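A short write-up of the structure that comes next.
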Number of protein chains: 2
Amino acid sequence: MSKQELPIVDAGVDVPAGACCAPLVCEPLSENEAAELAPLFKAIADPVRLRLLSLIACHEGGEACVCDLTVAFDLTAPTISHHLKVLKQAGLIGSERRGTWVYYWINPAVLARMSALIGPASAALAVTS
Amino acid sequence: MSKQELPIVDAGVDVPAGACCAPLVCEPLSENEAAELAPLFKAIADPVRLRLLSLIACHEGGEACVCDLTVAFDLTAPTISHHLKVLKQAGLIGSERRGTWVYYWINPAVLARMSALIGPASAALAVTS
DNA sequence: CGCCTGCTTCGATGAACTTCTAATCAAAGG
DNA sequence: CCTTTGATTAGAAGTTCATCGAAGCAGGCG
């Protein structure tokens, strides 16, 4: 497990220090903010990873074994492993080995941060249109 | 203006017909749903496009001229034009030429659809963690 | 110990993406 | 009509990404 596998979140974009209201509509995103937020969306900007996230979220207990996930796709195990790694590096999911199997779960905080960016924007712009 | 520039949305993923609650957590995303949602996130999974979206949203009147957007980046005009095209093809923004300038605005509905996917999921998973 | 199963890493390949320059189109004015 | 300014398209170069097969690692079990 190398150091590059640490999540790329919690790098200091918590809130622009003066952010009162909805991000994306209140004041323009800075170059740094955009550079840290884009990889989060890039992580879920793939049909396979979107379904992986959904499969994990829907699984009972909020956890899913890799073996449960692999069978849902027409892809090889290395490919699924690659996509899980991308999601994990983005901080969207966590994993742990328990005995024979490796389990994955979702990190709601990162998902919430992404939603907080576009959710208020869509609502704020909808009323003024 | 060619036919390929039509938005790729409203292609029939309104709601899975039996969706009662939060997408992503209620039942796993189908292959088709994921295939139509992923390009939406891919469109904003770029620092430049994220900032473009933010700049347009923050601009007074909810509209911004291309000339206003271009000066905010260290990129050439064709590159900005390309990114605006990607956002437009995803249905996230609309545009219109008025005299000399071309104006862009945000389509809140598509943004809302994306938020509706991940927002409820993050909330639902947060309480059970 | 030796093997088997589950999962990940490595290396390669082909497709997609970002960015540029050069050329083109569209509107406005002298 | 020609030129200038604003914006897009076309084509190319360099990079990133998704996917695979082969190899490697980690637990369980006979």
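Chain letters run A, B, ... following the sequence lines, proteins first, then strands; residues in each count from 1. Keep in mind the model is a prediction, meaning the values are calculated, not measured. For the numbers below, each heavy atom of this structure counts, side chains included, while hydrogens, waters and symmetry mates do not.
With a 4.5 Å cut-off on side-chain heavy atoms, A:N107 and A:L111 do not count as touching. Looking at B:L87 and B:Y104, their side chains never come closer than 4.5 Å, going by heavy atoms from C-beta outward. In this structure, B:W105 and A:L125 have side chains that are not in contact, with every pair of non-hydrogen atoms separated by 4.5 Å or more.
Across all their heavy atoms, B:L40 and B:A90 have their closest contact at CD1-O, 3.8 Å. Nearest heavy atom pair, residue B:L50 against residue B:I44, reads CD1-O, 3.5 Å. Nearest heavy atoms, A:A34 versus B:R51: CB-CG, 3.4 Å. Contact record, B:S115 with A:G119: OG-CA, 3.1 Å, taken as the closest heavy-atom pair.
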inquiry  = Protein within reach of the bases, or only the backbone? For nucleotides 19-30 of chain C, mark each nucleotide 5' to 3' as B, S or -, using heavy atoms under 4.0 Å.
reply    = BBBB----SS--
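Applying the salt bridge (Lys or Arg N to Asp or Glu O under 4.0 Å) rule to pairs touching residues 95-105 of chain A yields A:E63-A:R98, A:E96-A:R98, sequence neighbours excluded. Sorted by first and then second residue, the pairs that involve residues 70-79 of chain A and meet side chain to side chain donor-acceptor pair (under 3.5 Å), not counting sequence neighbours, are A:T76-A:T79.
Atoms CG (A:L52) and C1' (C:dC7) sit 14 Å apart, rounded to a whole Å. Regarding A:K85, its NZ atom lies at a distance of 13 Å from the P atom of D:dA18, rounded to whole Å. The distance from atom CH2 of A:W101 to atom C1' of C:dC7 is 13 Å, rounded to the nearest whole Å. One atom, NZ of B:K42, and another, C1' of D:dT16, lie 12 Å apart when rounded to the nearest Å. Atom P of nucleotide D:dT9 and atom CG of B:L84 are separated by 11 Å, given to the nearest angstrom. Rounded to a whole Å, the CD atom of A:E96 is 15 Å from the C1' atom of D:dA26. Rounded to a whole Å, the CG atom of B:L50 is 16 Å from the C1' atom of C:dT18. Rounded to whole angstrom, the span from the NZ atom of A:K88 across to the P atom of C:dC7 amounts to 14 Å.
For the contact set between residues 55-69 of chain A and DNA chain D, defined by any heavy atom under 4.0 Å, there are no members.
Distances were taken from every side-chain heavy atom of B:V102 (C-beta onward) to each of D:dA18, D:dA7, C:dT8; the shortest belongs to D:dA7.
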inquiry  = Does B:I106 form a side-chain contact (heavy atoms from CB on, under 4.5 Å) with B:L92? I'd like the steps, not just the answer.
reply    = CA-CA 6 Å; B:I106 287 187; B:L92 280 159; over 6 Å; no
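If you check every strand for non-hydrogen atoms under 4.0 Å, A:Y104 touches sugar and phosphate atoms only.
With sequence neighbours excluded, the residues satisfying side chain to side chain donor-acceptor pair (under 3.5 Å) with A:H83 are A:R49.
Taking five base pairs at each end of the helix from C:dC1-D:dG30 to C:dG30-D:dC1, the local helix axes there meet at an angle of 0°, rounded to 10°.
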